[in-house]
There are 2 protein chains.
Amino acid sequence: MPQTEISRLSAPTPQTASDQIFQVLYAAVISLELPPGLKISENEIAKQMNVSRQPVRDAFYRLSKLGFLLVRPQRAAQITKISEQAVLDAVFLRTAIEVECLRAAMEQITDRDVESLRANLAKQDMALKDPDPAVFHKLDESLHEKLCAISGHPHAWVLIQEQKAHMDRIRFLTLSKERRVSVLEEHTNLVEAIEKRDAGLAQVTLRSHLSQVRRDLTRIQKEFPDYFLG
Amino acid sequence: MPQTEISRLSAPTPQTASDQIFQVLYAAVISLELPPGLKISENEIAKQMNVSRQPVRDAFYRLSKLGFLLVRPQRAAQITKISEQAVLDAVFLRTAIEVECLRAAMEQITDRDVESLRANLAKQDMALKDPDPAVFHKLDESLHEKLCAISGHPHAWVLIQEQKAHMDRIRFLTLSKERRVSVLEEHTNLVEAIEKRDAGLAQVTLRSHLSQVRRDLTRIQKEFPDYFLG
DNA sequence: CGAATCAAACTAGTATGCAAGTTGATAAGT
DNA sequence: ACTTATCAACTTGCATACTAGTTTGATTCG
């Protein structure tokens, strides 16, 4: 998930130290390895990563602009607590973008595209048996990305990913086999609606799928109150 | 237009030198005062602004992440040329978000809200007489922002603004009294559809309004080829 | 024993210097 | 005249030092 920012315009530029640090920190925040509320300092990370403060500072800045790190002058930077509002906002925006992609996709989707979606579903079914949840997750992402590609708006995936990131910390708290099974079910329903060329049904199914996080949110918020704002 | 980035989570933090430089540069890029393709260096700006390279460097970095500055190691930073694709992408994304806001707004809009939209239109009509185009532009933005607020998703405005920025350089090349008149017309049609509680018509009207940039794009691209990529 | 005080240890913002690489003009060679 | 080689003047990435402000915890006073 490194390319979360709007770098589609910038030509291939070498991987800087700042980039690497950003990626490491980003992954750590999303996976809750760095728990919400934790205070970290540029110096501290710099020592751990064996670089100077400068590239760490750059990475901190990027994280702060994504909303995952609160950095204020002369104060320790702090992993942002999960904001219920921010999650709901992310769901709304992701839905807005992805529904529009679906809408565009339905107007031009080919049998070949549907086949490709079905192939992904088959892989997801296989992945259910894999003990590593990441395998399924990758395919999950891939399906949604494929939808953007089919719509002719692959760039939309960048923004969707950005919003998705705000939902991911919740997802990491709801990891379970049962959840993956029901996600696959929802994916299957979506692809079937698309296959039937039923744009209305497809849209309703997609909206419902993306709204699932909302239902999780309340439960998780009670279960891990320390991770949340307020 | 300073708050273009995702800083909704960060608490009120003092204005740093880096912030100020960013704002100045951002405005200059959007208004084409710094034309696409121009090469600028950290040192150069630092001298002009009478600060060290560090805050300039931070500002450069922010601009690059927004897609307005191409910065590569050991090479002069360059104001990005306008990419036709990037503009089309921005139109698509802005439309996606704003249509979803409209959709949500139509489900709960009150007479008072409509009144507030109408009041804005009246001000726009007055602003047509103002020699300064910025007055009209402010009200234009305000109308769209109000729509987000009514929908209960004020945060969406942040993302819309971000996408809008990619369309603004085009807008600055199409500034004219006639254009403002027709924009007001489109705004009026939109508000009237909303007032009639005709969600379908309102959506079509909004889509058409936002698509206007597409029509300008081809013309402008021929008129100012130097500003464009390729 | 609790509350106020103050200093030491932190924090990030900024300034500056060096290193590594690009660029463009000039000079040399054909 | 044209190509090629060279080199000086740039560029940004990173390291380090310094500044100003916050935090924290021990100490002192009530």
Side-chain angles (χ1 to χ4, degrees), chain A residues 2 5 7 9-26 29 34 36-81, chain B residues 2 5-7 9-26 29 34-81:
Chain A
E5 300 184 339
S7 52
L9 289 180
S10 42
T13 163
Q15 181 93 336
T16 66
S18 168
D19 289 333
Q20 294 177 29
I21 293 163
F22 171 79
Q23 286 169 23
V24 170
L25 291 179
Y26 180 85
V29 170
L34 290 175
L38 182 69
K39 288 181 180 174
I40 59 180
S41 86
E42 294 178 356
N43 256 324
E44 178 190 347
I45 303 294
K47 277 178 197 161
Q48 278 183 35
M49 305 265 192
N50 214 33
V51 294
S52 81
R53 262 184 60 215
Q54 190 58 47
V56 177
R57 176 179 163 75
D58 289 349
F60 271 35
Y61 190 79
R62 295 159 79 167
L63 283 171
S64 83
K65 281 306 158 191
L66 291 175
F68 291 119
L69 191 62
L70 180 60
V71 25
R72 292 170 295 181
Q74 281 78 47
R75 294 179 196 207
Q78 188 175 20
I79 313 291
T80 54
K81 298 213 171 187
Chain B
E5 301 183 341
I6 307 177
S7 53
L9 289 181
S10 42
T13 162
Q15 180 92 337
T16 67
S18 169
D19 289 333
Q20 293 176 31
I21 293 163
F22 171 78
Q23 286 169 24
V24 170
L25 290 179
Y26 180 85
V29 170
L34 290 175
L38 182 70
K39 288 180 180 174
I40 59 180
S41 85
E42 295 177 356
N43 255 325
E44 178 190 348
I45 303 294
K47 278 177 196 162
Q48 277 182 36
M49 305 264 192
N50 215 33
V51 295
S52 81
R53 262 183 59 212
Q54 190 58 46
V56 177
R57 175 180 161 76
D58 289 350
F60 271 35
Y61 193 78
R62 294 157 81 167
L63 282 172
S64 83
K65 282 305 157 191
L66 290 175
F68 291 118
L69 191 63
L70 179 60
V71 24
R72 291 169 296 182
Q74 283 78 48
R75 294 182 196 205
Q78 188 175 21
I79 312 290
T80 55
K81 297 213 172 189

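By convention in this document, chain letters (A, B, ...) are assigned in the order of the sequence lines, proteins followed by strands, and residues within each chain are numbered from 1. Bear in mind that the values here come from a model prediction, so they are computed numbers and not experimental data.
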query: On DNA chain D, which is the earliest and which the latest nucleotide, 5' to 3', with an atom closer than 4.0 Å to a heavy atom of chain B?
result: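 Nucleotide range in contact with chain B: D/dT11 to D/dG13.
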
Can you list, pair by pair, the side-chain donor-acceptor contacts under 3.5 Å of residues 42-50 of chain A, counting residues two or more places apart and other chains?
| from | atom 1 | to | atom 2 | distance (Å) |
| --- | --- | --- | --- | --- |
| A/Glu42 | OE1 | A/Arg53 | NE | 2.9 |
| A/Glu42 | OE1 | A/Arg53 | NH2 | 2.9 |
| A/Glu44 | OE1 | A/Ser41 | N | 3.2 |

field: Test item: A/Ser18 side-chain N/O and A/Asp58 main-chain N/O as donor-acceptor pair under 3.5 Å
entry: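 Side chain of A/Ser18 to backbone of A/Asp58, a donor-acceptor pair under 3.5 Å: no, none is there.
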
task: Please answer whether the main-chain N or O of A/Thr16 pairs with a side-chain N or O of A/Asp19 as donor and acceptor at a distance below 3.5 Å.
output: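 Side chain of A/Asp19 to backbone of A/Thr16: a pair is present.
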
Are any non-hydrogen side-chain atoms of [X] and [Y] less than 4.5 angstrom apart?
| X | Y | result |
| --- | --- | --- |
| B/Leu25 | B/Phe60 | yes |
| A/Phe22 | A/Leu63 | yes |
| B/Tyr61 | B/Leu66 | no |
| A/Ile40 | A/Leu69 | yes |
| A/Tyr26 | A/Arg62 | no |

task: Five pairs at each end of the helix from C/dC1-D/dG30 to C/dT30-D/dA1: take the axis at both ends and give me the angle between them to 10°.
output: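 Answer for the end axes of this duplex: 10°.
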
What are the atom names and distances for every N/O pair under 3.5 Å that joins the protein to nucleotides 12-16 of chain C?
| from | atom 1 | to | atom 2 | distance (Å) |
| --- | --- | --- | --- | --- |
| C/dA12 | OP1 | A/Ala77 | N | 3.4 |
| C/dA12 | OP2 | A/Glu42 | N | 3.1 |
| C/dA12 | O4' | A/Gln74 | N | 3.1 |
| C/dA12 | N3 | A/Gln74 | NE2 | 3.4 |
| C/dG13 | OP2 | A/Arg57 | NH1 | 2.1 |
| C/dG13 | N7 | A/Arg53 | NH2 | 3.0 |
| C/dG13 | O6 | A/Arg53 | NH1 | 2.9 |
| C/dT14 | OP1 | B/Ala17 | N | 2.7 |
| C/dA15 | OP2 | B/Ser52 | N | 2.7 |
| C/dA15 | OP2 | B/Ser52 | OG | 2.5 |
| C/dA15 | O5' | B/Ser52 | OG | 3.3 |

A/Leu70/A/Arg72 under side chain to side chain contact (heavy atoms under 4.5 Å, CB included): CA gap, chis, key distance, verdict: CA-CA 7 Å; A/Leu70 180 60; A/Arg72 292 170 295 181; 4.1 Å; yes

Closest non-hydrogen atom pair, A/Val71 against A/Ala77: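 Looking at all heavy atoms of both residues, the shortest contact is CB-CB, 4.4 Å.
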
